[in-house]
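Here's the structure we're looking at; comments come further down.
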4 protein chains.
Amino acid sequence: MVEGTGRGRPRSESARAAVLHAVDDLLVEVGYAALTMKGIAERAGVGRQTVYRWWSNKAEVLYEASVTDARQELAVSLSGDARADVRAYLDALIAFLTRSHAGAAYRALLGEAQHDPDVALLLASRDILEDSAAAIVEAARAASGTTLSAEEATALLIGPSFFRVLSGHRAEDIDTAALADRFMRALASP
Amino acid sequence: MVEGTGRGRPRSESARAAVLHAVDDLLVEVGYAALTMKGIAERAGVGRQTVYRWWSNKAEVLYEASVTDARQELAVSLSGDARADVRAYLDALIAFLTRSHAGAAYRALLGEAQHDPDVALLLASRDILEDSAAAIVEAARAASGTTLSAEEATALLIGPSFFRVLSGHRAEDIDTAALADRFMRALASP
Amino acid sequence: MVEGTGRGRPRSESARAAVLHAVDDLLVEVGYAALTMKGIAERAGVGRQTVYRWWSNKAEVLYEASVTDARQELAVSLSGDARADVRAYLDALIAFLTRSHAGAAYRALLGEAQHDPDVALLLASRDILEDSAAAIVEAARAASGTTLSAEEATALLIGPSFFRVLSGHRAEDIDTAALADRFMRALASP
Amino acid sequence: MVEGTGRGRPRSESARAAVLHAVDDLLVEVGYAALTMKGIAERAGVGRQTVYRWWSNKAEVLYEASVTDARQELAVSLSGDARADVRAYLDALIAFLTRSHAGAAYRALLGEAQHDPDVALLLASRDILEDSAAAIVEAARAASGTTLSAEEATALLIGPSFFRVLSGHRAEDIDTAALADRFMRALASP
DNA sequence: AATTAACCGAGACGGTACGTCCCGTCTTATC
DNA sequence: GATAAGACGGGACGTACCGTCTCGGTTAATT
């Protein structure tokens, strides 16, 4: 996108990058609760107004800082074996939600979305999890010949692990092989 | 349970009730984000210290204020027809998560838990959702003769709806009849 | 003064003593600014109400706790030599104001009196300094045959040292011999 | 004096003035005891942090708010007649201590200084009373040819009135003509 | 001996100021 | 005209103390 006439000083790309890096670092170091716009600006060596000029709240900065990493971590290649692919995806999903920095950011944002409609809209506009599962879900639907919609199938796939992690259960307990098996069974037509 | 030695002025039950009522009211009126300890105390006509004396943060007050309502709203009676009971439970669950005040409180707490370990512990200690599903899950497991553990079955039951709601999808779209059907199918042994 | 009928439990003398001791100790340990009614009661092992029952504010407790010591420290015997007696009194006065615990209490009370009328009344009712100087002033007035009133002479005697100490000057610098000399000269008739 | 690099928003002169005015007003309206940093900020229409940014406690604000007035009220012109000048100064001093707003501030600060070392330092750094008396004291010393130091003479001059007022006596009783006379007599060499 | 009444300790109560932190906005000089 | 710096008005935080109250328990003098 072109920046109008180009008059005046152009946006500093280095400032943008510094902010996104600062958010990444601070999220790990101090956690989401202690992540402040003030702290981000200072860590990035950037004026406070510069942050506000490009992002309207910390959720937006965090979203932009983590969405690329999130997509990468959740990407799985299709092997042709639907059940194996589903299991691989579930493993990636759980690793993302419980051990990844980008996953921590996602959980924080999803948490914030529960009481901030702006953040809810931001997340709903492009749901990272749903996007990441689309290919696997499509393959599984095709393989099973299910009558379920993609949306329904996605909820069946992601929901159980999502619930276990978000509601605070230990993630090691999740048997992804069994989960993949039950998912395929649920998909199947009668 | 005895409250220590009984020395000193006893805790004021009316103050306790006033605080819990104030939290309930304020959550509806101003939302979780604008819910402050200061606001709660003032609305309750209670000293600030009195709130801090009995609850260490707003999550604890909110939990105590909503847990009883939550249990009531999620209670379903067993009819003997497992599939019908599951569907009734899912309807209650979705209504709770999307339309109930207690459910709004639960979602706010679950959100807070994603970036506050104290709140996470509080919720994990007695998971309202898991508790509420225990009887239905047990009945469904018995009816299906499944090899799945109760924990796994609970995640299968709650997860899909939970994911749809928490990640911001419209709740009316959820076909609980289909979901109950798929749940029973997933439980079934091969 | 008799306490009415004497019915009911009599005042606990040990509680009274414990409070006064606690005030003395705390004044030295934490200073006047950090001296609180709560702290006094706890240090004395006494209920808060018990303190309030007998003294209406911390100034009153402090006054009662220090007035006896103050009188003792400021007592000087008359030798017959007015100038020498005056000098001895000034030495005692400066020691009291700068090095004594009771003097610290007096200065704190006098400070409080500058912005609390109740404390001002308390101090004015029986001015410790003026009382202590009465005998010496009388002797000096008699020896000099001055036309000055006792009040005026007292102010001439105490004022200079009082000002030096209260306004924060170093006390060692005060030449009490010279001061005594000038005082006698000021008293003398023309 | 230069204020660093000049970067950033400069200090708001209007905020500074508003705070000092608020202190002046509040001291008269509610008295020193009820003078709070919170109240000052609110009355000035200023953020709390803005007050703390420039003054570390209410004593500092009050000092800055009253010192200029104090100097004006205590200024006396020299006529050449030392005794008359001394009397004029004593009249001004007593009026300052007992009837002036700036004098009320000074007494409050001096009171605070008795139990707060920070305030004591603040007052000692530039003693308003001693400064104000310097010219008169010098003139009186020259006229009398005394051997007393300026410090000693100042204490002799100010002390008696200072003691009378601070220890709560009525100010109307002070005979400044007699006091000036005795002061000149005390100064005189033998 | 039983009753009565005031005192005792403990500690919770409604209030309010404290000093700190962060919010999002603004106003500088600099680039 | 965007930037780094940093002051601005505002407001919540969690703590401390205020002076009051309400308990159970104690200690006498009066019945």
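In the text below, chain A, chain B and the rest are named by the order of the sequence lines, each starting its count at 1. Quantities reported herein were computed from a predicted structural model and do not represent experimental measurements.
Side-chain N/O atoms of T50(C) include one lying less than 4.0 angstrom from OP1 or OP2 on dG9(E). Taking only side-chain nitrogens and oxygens, R16(D) never comes nearer than 4.0 Å to OP1 or OP2 of dA7(F). Look at W54(B) and you'll find a side-chain N or O under 4.0 angstrom from OP1 or OP2 of dC13(E).
The distance between atom CD of E42(C) and atom P of dA10(E), rounded to the nearest whole Å, is 9 Å. Remark: P of dG19(F) and CD of E60(C) are 11 Å apart, rounded to the nearest angstrom. Distance, Y52(A) OH to dT3(F) C1': 17 Å, rounded to whole Å. To the nearest angstrom, P of dA29(E) lies 12 Å from CZ of R7(D).
By the 6.0 Å and 45° rule, K58(D) does not stack over the aromatic ring of Y63(D). By the 6.0 Å and 45° rule, R11(B) stacks over the aromatic ring of W54(B).
Position along DNA chain F of the nearest nucleotide to A15(D) versus V46(A) favours V46(A) as the more 5'-ward residue.
Between the side chain of R9(C) and the base of dC7(E) there is at least one donor-acceptor pair of N/O atoms closer than 3.5 Å. Remark: the R48(C) side chain and the dG11(E) base include no donor-acceptor N/O pair separated by less than 3.5 Å. Within 3.5 Å, a donor on the side chain of Q49(D) pairs with an acceptor on the base of dC21(E), or the reverse.
Note on G45(D): only backbone sugar-phosphate atoms sit closer than 4.0 angstrom, heavy atoms only; bases stay farther off.
Under a 4.0 Å N-O distance rule, the pair E29(D)/R43(D) qualifies as a salt bridge.
Using a 4.5 Å cut-off on side-chain heavy atoms (C-beta onward), E42(B) and K38(B) make contact.
Comparing dG19(E), dA4(F), dC22(E) by their closest approach to the side chain of K38(A) singles out dC22(E). Across dG14(E), dC23(E), dC8(E), the shortest atom-to-atom separation from the side chain of T36(A) is found for dC23(E).
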